[in-house]
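Heads up: the structure comes next, in structure tokens.
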Amino acid sequence: MHMVCADLEGVFVPEIWINVAEQTGIEALRLTTRDVADYDELMKRRLAILKAHGLKINDITRVIGSMKPLRGARGFLDWLRARTQVIILSDTFSQFAGPLMKKLGYPTLLCHTLSIDTGGNITGYRLRLPESKKKAVTCFKGLNFDIVAVGDSYNDIGMLAAADAGILFKPPASVSAEYPDFRVSRNYGELKRHIRELLKFTD
């Protein structure tokens, strides 16, 4: 039995926070896990910025509602789901993910949750558990699945290392240089080829 565990942002959809930065003009929100390895530090920065600018959950979900999956993502995901189990492991939040999951055909997603007050202010966040991507892969391996993991950022490295094989998808040069042992795919065609080889698909 095999399974593919994949990140969401940067693999199937654009980076949510970068889109928020572009639509609000707040450049400091452009930072992602490609830039800051410590997720807790990154989220504390983001929450402080949202508070300083008075941005609420509706402001963020309005941006997300206008976003589309990356070109070719839905077709690739449909191809993959027809051949193996696919679980998306993301550090996004359930309040963000709904519209994007609909556009991707509702794949299975494991992510985190935001704390939101009655005024719609984002006051904090709740992780499912620390290192959730890595721990999910470890648990699936314990169920006797062979795991191929796909990610693009520093927060995916634990997941890729825990899997039987890890693939970086369109990573920043700094990430691929720092972790040269992982395969690198620059487009969905290359990603298909790597997964075919690793899981021995015949088509």
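Owing to the predicted nature of the structure, the values given are computational and were not obtained by experimental measurement.
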> Do Tyr125 and Asp40 meet the criterion of a side-chain donor-acceptor pair at a distance under 3.5 Å?
Replying inline: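 Yes, Asp40 and Tyr125 have a side-chain donor paired with an acceptor closer than 3.5 Å.
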
> Are His194 and Phe182 close enough that their ring centres sit under 6.0 Å apart?
Replying inline: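 His194 vs Phe182: aromatic centres not under 6.0 Å.
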
> Any salt bridge between Lys56 and Asp59, counting N to O under 4.0 Å?
Replying inline: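 No, this pair does not count.
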
Could you state whether [X] and [Y] fall into the same hydrophobic cluster, counting links through intermediate Ile, Leu, Val, Met, Phe, Trp or Tyr residues with side-chain heavy atoms under 4.5 angstrom apart?
X: Leu168; Y: Val148; result: no
X: Met1; Y: Val137; result: yes
X: Leu80; Y: Leu160; result: no
X: Leu89; Y: Leu114; result: no
X: Met101; Y: Ile87; result: no

>> Run Ile122 and Leu47 through side chain to side chain contact (heavy atoms under 4.5 Å, CB included) and show every step you take.
In response: CA-CA 7 Å; Ile122 302 173; Leu47 293 178; 3.5 Å; yes

What's the spacing between [X] [atom1] and [Y] [atom2] if we round to 0.5 Å?
X: His112; Y: Met43; atom1: NE2; atom2: CE; result: 9.5 Å
X: Lys134; Y: Asn155; atom1: NZ; atom2: CG; result: 13.5 Å
X: Arg46; Y: Leu29; atom1: CZ; atom2: CG; result: 8.0 Å
X: Asp156; Y: Phe169; atom1: CG; atom2: CZ; result: 12.5 Å
X: Leu199; Y: Asp164; atom1: CG; atom2: CG; result: 9.5 Å
X: Thr32; Y: Asp91; atom1: OG1; atom2: CG; result: 11.5 Å

Less than 3.5 Å apart, which donor and acceptor atoms pair up between the side chains of residues 4-25 and the rest of the protein, not counting sequence neighbours?
| from | atom 1 | to | atom 2 | distance (Å) |
| --- | --- | --- | --- | --- |
| Asp7 | OD1 | Lys133 | NZ | 3.1 |
| Glu9 | OE1 | Ile16 | N | 2.8 |
| Asn19 | ND2 | Glu15 | O | 3.0 |
| Glu22 | OE2 | Arg30 | NH1 | 3.4 |
| Gln23 | NE2 | Ser66 | OG | 3.2 |
| Thr24 | OG1 | Val20 | O | 2.7 |
| Thr24 | OG1 | Ile26 | N | 3.3 |

List the atom of [X], the atom of [Y], and the distance in Å for their closest heavy-atom pair.
X: Ile167; Y: Ile195; answer: CD1-CG1, 4.0 Å
X: Arg126; Y: Ser115; answer: NH1-OG, 3.1 Å
X: Thr108; Y: Val86; answer: CB-O, 4.2 Å
X: Arg186; Y: Ser176; answer: NH2-OG, 4.3 Å
X: Ile147; Y: Ala163; answer: O-CB, 3.5 Å
X: Ile49; Y: Ala28; answer: CD1-CB, 3.5 Å

> For Glu190, which residues count as a salt bridge (Lys or Arg N to Asp or Glu O under 4.0 Å) partner, sequence neighbours excluded?
Replying inline: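 Applying salt bridge (Lys or Arg N to Asp or Glu O under 4.0 Å) to Glu190 gives none.
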
> Residues in salt bridge (Lys or Arg N to Asp or Glu O under 4.0 Å) with Asp117, at least two apart?
Replying inline: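 With sequence neighbours excluded, Asp117 shows a salt bridge (Lys or Arg N to Asp or Glu O under 4.0 Å) to no residue whatsoever.
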
Is [Y] close to [X] at the side-chain level, that is, under 4.5 Å between some pair of heavy atoms?
X: Ser94; Y: Thr113; result: yes
X: Tyr154; Y: Ser174; result: yes
X: Ser90; Y: Leu109; result: yes

> With no hydrogens and no angle check, is any side-chain donor or acceptor of Lys135 less than 3.5 Å from a backbone partner on Pro130?
Replying inline: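 At least one qualifying donor-acceptor pair exists.
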
>> Between Lys103 and Met67 (side chain of the first, backbone of the second, donor and acceptor by atom type, cut-off under 3.5 Å), is there such a pair?
In response: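 Yes, because the side chain of Lys103 sits within donor-acceptor range (under 3.5 Å) of the backbone of Met67.
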
> Going through the checks in order, is the side chain to side chain contact (heavy atoms under 4.5 Å, CB included) test met by Thr61 and Gln95?
Replying inline: CA-CA 8 Å; Thr61 55; Gln95 294 92 336; 5.5 Å; no

>> Run Arg71 and Tyr188 through side chain to side chain contact (heavy atoms under 4.5 Å, CB included) and show every step you take.
In response: CA-CA 9 Å; Arg71 186 182 181 91; Tyr188 293 117; over 6 Å; no

> Do the ring planes of Trp79 and Phe201 sit parallel (below 30°), tilted (30 to 60°) or perpendicular (above 60°)?
Replying inline: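 Judged by the thresholds at 30° and 60°, the geometry between Trp79 and Phe201 is perpendicular.
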
>> With salt bridge (charged side-chain N to carboxylate O under 4.0 Å, His left out) as the criterion, how do Arg183 and Glu197 come out once you've worked through the C-alpha distance, each side chain's angles and the decisive distance to 0.1 Å?
In response: CA-CA 12 Å; Arg183 296 183 181 218; Glu197 291 174 359; 2.8 Å; yes

>> If you apply the rule side chain to side chain contact (heavy atoms under 4.5 Å, CB included), what do you find for Lys141 with Phe145, and how did you get there?
In response: CA-CA 5 Å; Lys141 287 181 68 176; Phe145 284 97; 6.0 Å; no

